[in-house]
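Step one of this worksheet: look at the structure below.
It should be emphasised that the depicted structure is a prediction, and the values quoted were computed from it without experimental measurement. By convention in this document, chain letters (A, B, ...) are assigned in the order of the sequence lines, proteins followed by strands, and residues within each chain are numbered from 1. Hydrogens, waters and symmetry mates play no part in the numbers below; they use all other heavy atoms, side chains included.
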There are 2 protein chains.
Amino acid sequence: MRKAASCATADMDKAEDRRCVEAEPTQARRFSQARTARSTAILEDYAELIADLTREHGEARTTDIARRLGVTLPTANKSLARLKREGLVTARPYRGVFLTEAGMAMAERVRARHRLVVDVLEALGVPTDAAETDAEGIEHYISEVTLKAFKRFLCRE
Amino acid sequence: MRKAASCATADMDKAEDRRCVEAEPTQARRFSQARTARSTAILEDYAELIADLTREHGEARTTDIARRLGVTLPTANKSLARLKREGLVTARPYRGVFLTEAGMAMAERVRARHRLVVDVLEALGVPTDAAETDAEGIEHYISEVTLKAFKRFLCRE
DNA sequence: ACATGAAGTTAGCTTAGGCTAACTTAAATG
DNA sequence: CATTTAAGTTAGCCTAAGCTAACTTCATGT
């Protein structure tokens with residue numbers, strides 16, 4: 001076998017040894033969480049957008065969803081199929097799209113989180129447009145713990 | 001055609017009209033940017049990790065990369081093929097992986113950004129572990145403008 | 001009332017990132 | 001030095017999200 005490139009080589013001191021040995025599972029867990037978040041990011045975007053459109057227009061149409069997301073109609077359609085499968089929306093063919101209870105809950109949670117992220121970014125001096133743009137990517141990766149910290153930070157501003 | 005659910009209905013005032021009409025391209029652009037960032041996120045993770053491993057062990061082995069990322073060896077292998085294709089790493093079969101100039105530049109940029117994001121989160125009161133975990137997802141969506149704002153914020157702390 | 005054009009759907013292709021199974025290569029050790 | 005075991009590779013499968021092309025449904029305006 002190839003020369004041990006593993007952390008635990010004899011000439012390393014105990015501290016570094018320990019640090020290295022624990023780096024793997026910890027980091028793997030973090031990446032894994034990011035992957036999970038990535039896979040729900042799209043669901044969250046759709047839920048939030050459907051709630052917005054419903055509020056603005058009284059209904060959420062697939063065309064409007066596609067336009068706002070900047071994707072084609074078939075792409076939106078396919079993604080909506082996933083949301084249906086996961087019980088977040090209901091839709092009958094050629095009719096609009098409606099959030100289920102679960103979908104509304106997700107939308108509400110996401111909306112609040114989005115607002116919070118934008119507010120924090122602006123509080124940190126990020127201009128509005130950049131804050132909105134970056135929030136669109138960032139928001140899906142904010143844990144509950146971080147959310148709470150953000151709230152506290154804004155309060156004592 | 002179905003009743004116009006578009007923004008520009010007669011009974012809307014000019015302000016809302018304008019807001020709505022501009023919402024589509026703006027929001028579409030934001031989502032599109034998030035999608036772009038998402039597609040480079042993995043490249044950035046690999047580049048950063050390869051740099052770390054090289055610094056720690058003098059080489060970056062596919063097994064270590066896979067273990068740290070929490071994916072299987074074939075998955076890491078396939079992703080590394082993409083990094084090769086995009087000119088970020090070089091690798092000869094059964095030998096380690098090495099960053100190209102471009103790869104090192106990316107790794108350095110990503111490392112600095114990661115540090116900055118963690119520091120900002122901690123400054124906002126997020127505990128270290130959550131800060132590290134969330135940063136792993138967040139970092140890929142931070143624009144240059146936001147990065148600058150973060151730096152300014154940390155300075156005047 | 002029907003023609004037309006927009007909205008929606010379906011089929012099928014691509015890329016990406018996961019996985020397992022099976023195989024090959026390399027290196028450490030008896 | 002031969003064997004065993006770890007590392008790396010290849011093949012092939014799956015799901016997701018993007019696309020275009022082609023088709024169907026719907027609703028509006030003449």
Counting only N and O atoms by type, is there a donor-acceptor contact under 3.5 Å from the side chain of A:Thr40 to the main-chain atoms of A:Leu43?
no
Grab the CG-C1' distance between B:Leu88 and C:dA16 for me, whole Å please.
16 Å
Any donor-acceptor N/O pair, A:Thr133 side chain to B:Arg30 backbone, under 3.5 Å
no
Once side-chain hydrogen bond (donor to acceptor under 3.5 Å, both in side chains) is applied, do any residues pair with A:Asp52, and if so which ones, sequence neighbours excluded?
A:Arg55
So, does B:Thr54 use its side chain to make a donor-acceptor pair with the main chain of B:Ile50 at under 3.5 Å?
yes
D:dA17 C1' sits how many Å from A:Leu43 CG, rounded?
12 Å
Quick check for you: to the nearest 0.5 Å, what is the distance between B:Glu132 atom CD and A:Arg29 atom CZ?
10.5 Å
Rounded off to whole Å, could you give me the CG-to-P distance for the A:Leu69 and D:dA17 pair?
12 Å
Under the criterion side-chain contact (heavy atoms from CB on, under 4.5 Å), I'd like the reasoning laid out for A:His140 against A:Arg38: C-alpha separation, chi angles, the key distance, then a yes or no.
CA-CA 7 Å; A:His140 308 289; A:Arg38 192 160 58 227; over 6 Å; no
Atom CZ of B:Phe31 and atom C1' of D:dA17 are separated, to the nearest Å, by 15 Å
Could you tell me how far apart A:Glu59 (CD) and C:dA7 (P) are, to the nearest whole angstrom?
12 Å
A:Asp134 side chain to B:Ser143 backbone, donor-acceptor under 3.5 Å
yes
Which sits closer to the 5' end of DNA chain C, B:Arg85 or B:Ala76, going by the nucleotide each is nearest to?
B:Arg85
Measure all distances between protein nitrogen or oxygen atoms and nitrogen or oxygen atoms of nucleotides 18-22 of chain D, and list the pairs falling under 3.5 Å.
| unit_1 | atom_1 | unit_2 | atom_2 | d |
| --- | --- | --- | --- | --- |
| D:dG18 | O6 | A:Lys78 | NZ | 2.4 |
| D:dC19 | OP2 | A:Thr72 | N | 2.9 |
| D:dC19 | OP2 | A:Thr72 | OG1 | 2.9 |
| D:dC19 | OP2 | A:Thr75 | OG1 | 2.7 |

Please report, rounded to the nearest Å, how far the C1' atom of D:dT15 is from the CD atom of A:Glu86.
11 Å
Looking at B:Arg82, does any N or O in its side chain come under 4.0 Å of the phosphate oxygens OP1/OP2 on C:dG17?
yes
In whole angstroms, the gap separating C1' of C:dG17 from CD1 of B:Ile65 amounts to 16 Å
Name the residue closer to the 5' end of DNA chain C, choosing between A:Arg92 and B:Pro93 according to the nucleotide with the nearest heavy atom.
A:Arg92
D:dT9 phosphate, OP1 or OP2: any side-chain N/O from B:Asn77 under 4.0 angstrom?
yes
